[in-house]
J.: 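The structure's right below; bear with me while I get my questions together.
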Amino acid sequence: MAQSFKDINDYINDEDVKFLRLSFCDLQGRLKNMSVMASEAEKAYVKGVSFDGSAIRNFESPEKSDLFLFPDTSTATLMPWNPSRGKVLRLFCDIKRADGSSYELDMRTVLKNAVKYAEEKGVSCYFGSEFEFYLFRLDENGDKTNVPYDNAGYMDVSPEDKCENVRREICLTIEEMGLNPERSHHEEGPGQNEIDFKYSDPVSSADHAVVFKNAAENVAYKNGLWADFSPKPIKNESGNGMHVNVSVKTSDGKDVFESFVAGVLDKSEEMTYFFNPTENSYERLGEMKAPKDIFCGSENRTALIRIPSTNGEKRFELRSPDASANVYLVYALVIYAGIYGVENSLKLNKVRKSCLPNNLESARKVAGKSKFIKSVLSDKALKSLGL
């Protein structure tokens, strides 16, 4: 919407904006926010807005807990489910310390640093994620149940597909918020859905992923449902993936696609702890086409990395991550791993054949021993992430 504080200020005055919702994610990728009056916009932009870092899980101790939110004006978007009078404008924020330095546990900043690192190597990346989620019914008290909204299957139509109107409303809502939804359909599980949106630069794409999940949850609730993005909501049914599509370009036109893919494949076992950060994640992997073995396959939907058939567009799909992960951290690690592959001219046929860890503790141990992980995350981040 806007690119400068002046643009934001003009918009606030022209559109009767009364509140700014300053948004960020915790270390686990959960959306957090603080609302301030629109009259405080300039102060927020210049000095930031303080919050208690010790109240955010795994952030700070009470002894030195002051952190500050600095709104990124390029991310401003109106909240479509708020009233037209006294509108609410949401902005994603960077987290900083009192001295103005970047906060080590702000994964959005970690991603920005990864993008900058890749660009210094002459590589630009573009990301787009595909989200799967279930729609379950709420009971008469508005509490969650485990009853799927329908019993339809892959790409079914109404009346079997009862989710169609909800998906349509989600697509229209995220379109209002600046996203570009491309496809939506019923997935294989009962009440399971998928919505994909257009790729963009890594930081914008990660922001969009967070916006999408929040919008889907709000639209579902409005319709007497709840959206479940957990990796394996129903035993013996399809799990929910967060498939990450990536394309790369170089400033000199050199083709580094294979080396980039080989780097991601080579480091995938070490990154699993961050891509699949819950016990439930490992109930999904290895079942119903969710990957288990570490290999790259053309069109193969059981592969960890799939190279889709496209009309001239070269991209790869990383199929192991799920939506319980912090999307900013996932994207950052993919970039660093890809650049590792480029820097070392890796070839796909040279990548060691193996399989993903089969539980969270095994994944944690692999990540804890990884020189690669230690090279891209700070000691504070590693400790806060349980390593």
Side-chain angles (χ1 to χ4, degrees), residues 1-2 8 11-12 14-21 23 25 31 33 35 74-92 126-138 142 144 148-150 152-201 203-229 240-245 323 327:
M1 176 190 294
I8 289 289
Y11 187 85
I12 288 170
D14 293 343
E15 297 294 327
D16 188 34
V17 172
K18 296 298 184 185
F19 297 92
L20 303 182
R21 182 170 293 182
S23 297
C25 286
L31 183 63
N33 70 254
S35 290
S74 68
T75 66
T77 183
L78 280 176
M79 302 295 285
W81 48 80
N82 290 120
S84 57
R85 183 178 181 274
K87 296 176 183 177
V88 180
L89 192 69
R90 178 159 73 190
L91 301 97
F92 280 96
Y126 301 88
F127 282 71
S129 289
E130 302 170 1
F131 281 93
E132 295 166 330
F133 61 98
Y134 278 78
L135 290 175
F136 291 108
R137 296 178 184 274
L138 298 174
K144 296 177 180 179
Y149 189 40
D150 66 25
Y154 184 64
M155 285 192 170
D156 278 348
V157 298
S158 60
E160 288 81 6
D161 174 15
K162 296 180 181 178
C163 302
E164 182 179 14
N165 289 336
V166 181
R167 289 197 307 274
R168 182 183 298 113
E169 187 175 348
I170 293 171
C171 288
L172 292 173
T173 299
I174 63 175
E175 190 173 45
E176 282 186 60
M177 301 177 76
L179 279 67
N180 295 307
E182 292 186 317
R183 292 175 294 274
S184 67
H185 59 84
H186 201 286
E187 258 296 343
E188 295 184 48
Q192 190 184 28
N193 302 269
E194 179 177 315
I195 296 178
D196 310 332
F197 41 89
K198 190 174 177 62
Y199 69 87
S200 56
D201 68 272
V203 178
S204 294
S205 178
D207 289 343
H208 292 169
V210 175
V211 168
F212 166 73
K213 285 181 64 181
N214 185 237
E217 290 164 351
N218 274 277
V219 171
Y221 186 78
K222 176 182 171 184
N223 285 274
L225 306 167
W226 69 282
D228 187 350
F229 287 87
N240 288 326
M242 180 181 73
H243 302 155
V244 180
N245 291 275
V327 65

J.: Does the D161 side chain pair with the main chain of P159, one donor and one acceptor, at a distance under 3.5 Å?
T.: no
J.: Test of understanding: with side chain to side chain donor-acceptor pair (under 3.5 Å), list the residues that count as partners of E194, not counting sequence neighbours.
T.: none
J.: For R167 and I195, which heavy atoms make the closest approach, and how far apart are they?
T.: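 Minimum heavy-atom separation between R167 and I195: O-CD1, 4.1 Å.
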J.: Restricting to side chain to side chain donor-acceptor pair (under 3.5 Å), what partner residues turn up for N33, sequence neighbours left out?
T.: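 Once residues adjacent in sequence are excluded, N33 has no partner under the side chain to side chain donor-acceptor pair (under 3.5 Å) criterion.
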J.: List the atom of R168, the atom of N165, and the distance in Å for their closest heavy-atom pair.
T.: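 Nearest heavy atoms, R168 then N165: NH1-OD1, 2.5 Å.
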J.: Measure from the side-chain N and O atoms of K213 to the backbone N and O of F229, and report whether any donor-acceptor pair falls under 3.5 Å.
T.: no
J.: Of all residues at least two apart in sequence or in a different chain, which pass the side chain to side chain donor-acceptor pair (under 3.5 Å) check with S204?
T.: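 S204 satisfies side chain to side chain donor-acceptor pair (under 3.5 Å) with D201 only.
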J.: Can H186 and Y154 be said to form a side-chain contact (heavy atoms from CB on, under 4.5 Å), step by step?
T.: CA-CA 5 Å; H186 201 286; Y154 184 64; over 6 Å; no
J.: If you look at every heavy atom in K162 and Y149, which pair is closest and at what distance?
T.: O-CE2, 3.0 Å
J.: Less than 4.5 Å apart, any side-chain heavy atom of L225 and any of V166?
T.: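 When only atoms from C-beta onward are counted, V166 and L225 do touch, with a gap below 4.5 Å.
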J.: Measure the OG-CE distance between S23 and M79 for me, rounded to the nearest 0.5 Å.
T.: 6.5 Å
J.: Would you give the length of the straight line joining atom CZ of F197 to atom CD of E130, rounded to the nearest 0.5 angstrom?
T.: 10.0 Å
J.: Less than 4.5 Å apart, side chain to side chain, heavy atoms only: is that true for N245 and D196?
T.: no
J.: Under 3.5 Å, sequence neighbours excluded: what are the donor-acceptor pairs made by side chains of residues 169-182?
T.:
unit_1: E169; atom_1: OE1; unit_2: N223; atom_2: ND2; d: 3.2
unit_1: E169; atom_1: OE2; unit_2: K222; atom_2: NZ; d: 3.0
unit_1: T173; atom_1: OG1; unit_2: E169; atom_2: O; d: 2.7

J.: How far apart are the closest heavy atoms of A220 and A227, and which atoms are they?
T.: CB-N, 3.8 Å
J.: Who passes side chain to side chain contact (heavy atoms under 4.5 Å, CB included) against F136, sequence neighbours left out?
T.: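 Partners of F136 by the side chain to side chain contact (heavy atoms under 4.5 Å, CB included) criterion, ordered by chain and then number, come out as Y134, P148, W226, D228, P233, I234.
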J.: Can H243 and E132 be said to form a side-chain contact (heavy atoms from CB on, under 4.5 Å), step by step?
T.: CA-CA 9 Å; H243 302 155; E132 295 166 330; 3.9 Å; yes
J.: Please tell me if the side chains of I8 and V17 come closer than 4.5 Å, counting only heavy atoms from C-beta onward.
T.: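 I8 does not reach V17 side chain to side chain.
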J.: Mind listing the closest non-hydrogen atom pair of S205 and S200 along with its distance?
T.: N-OG, 3.3 Å
J.: Is any side-chain heavy atom of V210 less than 4.5 Å from a side-chain heavy atom of F92?
T.: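 Yes; the side chains approach each other to less than 4.5 Å.
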J.: Sequence neighbours left out, what passes salt bridge (charged side-chain N to carboxylate O under 4.0 Å, His left out) with D150? Give chain and number order.
T.: none
J.: Who are the side chain to side chain contact (heavy atoms under 4.5 Å, CB included) partners of S129, not counting sequence neighbours?
T.: F131, M242, V244, Y331
J.: Can you list the residues that meet the side chain to side chain donor-acceptor pair (under 3.5 Å) rule with E217, with sequence neighbours excluded?
T.: none
J.: Please report the closest heavy-atom contact between E188 and Q192, naming both atoms and the distance.
T.: N-OE1, 3.5 Å
J.: Please enumerate all residues that pass salt bridge (charged side-chain N to carboxylate O under 4.0 Å, His left out) together with R90, with sequence neighbours excluded.
T.: none
J.: Kindly write out the residues that satisfy salt bridge (charged side-chain N to carboxylate O under 4.0 Å, His left out) with R137, not counting sequence neighbours, or none if the list is empty.
T.: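 Testing R137 for salt bridge (charged side-chain N to carboxylate O under 4.0 Å, His left out), a comparison that skips the adjacent residues, returns none.
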J.: Okay, side chain of E160, backbone of A152: is any donor-acceptor separation there less than 3.5 Å?
T.: no
J.: Please name all residues satisfying side chain to side chain contact (heavy atoms under 4.5 Å, CB included) with Y199, sequence neighbours left out, ordered by chain then number.
T.: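 Expected list: Y126, E313.
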J.: Measure the spacing between NE2 of H185 and CD of E164 and express it to the nearest 0.5 Å.
T.: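 It is 13.0 Å, given to the nearest 0.5 Å.
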J.: Under the side chain to side chain contact (heavy atoms under 4.5 Å, CB included) rule, collect the residues that match up with Y221, sequence neighbours excluded.
T.: L138
J.: How long is the span from the CG atom in L20 to the CG atom in L89, to the nearest 0.5 Å?
T.: 6.0 Å
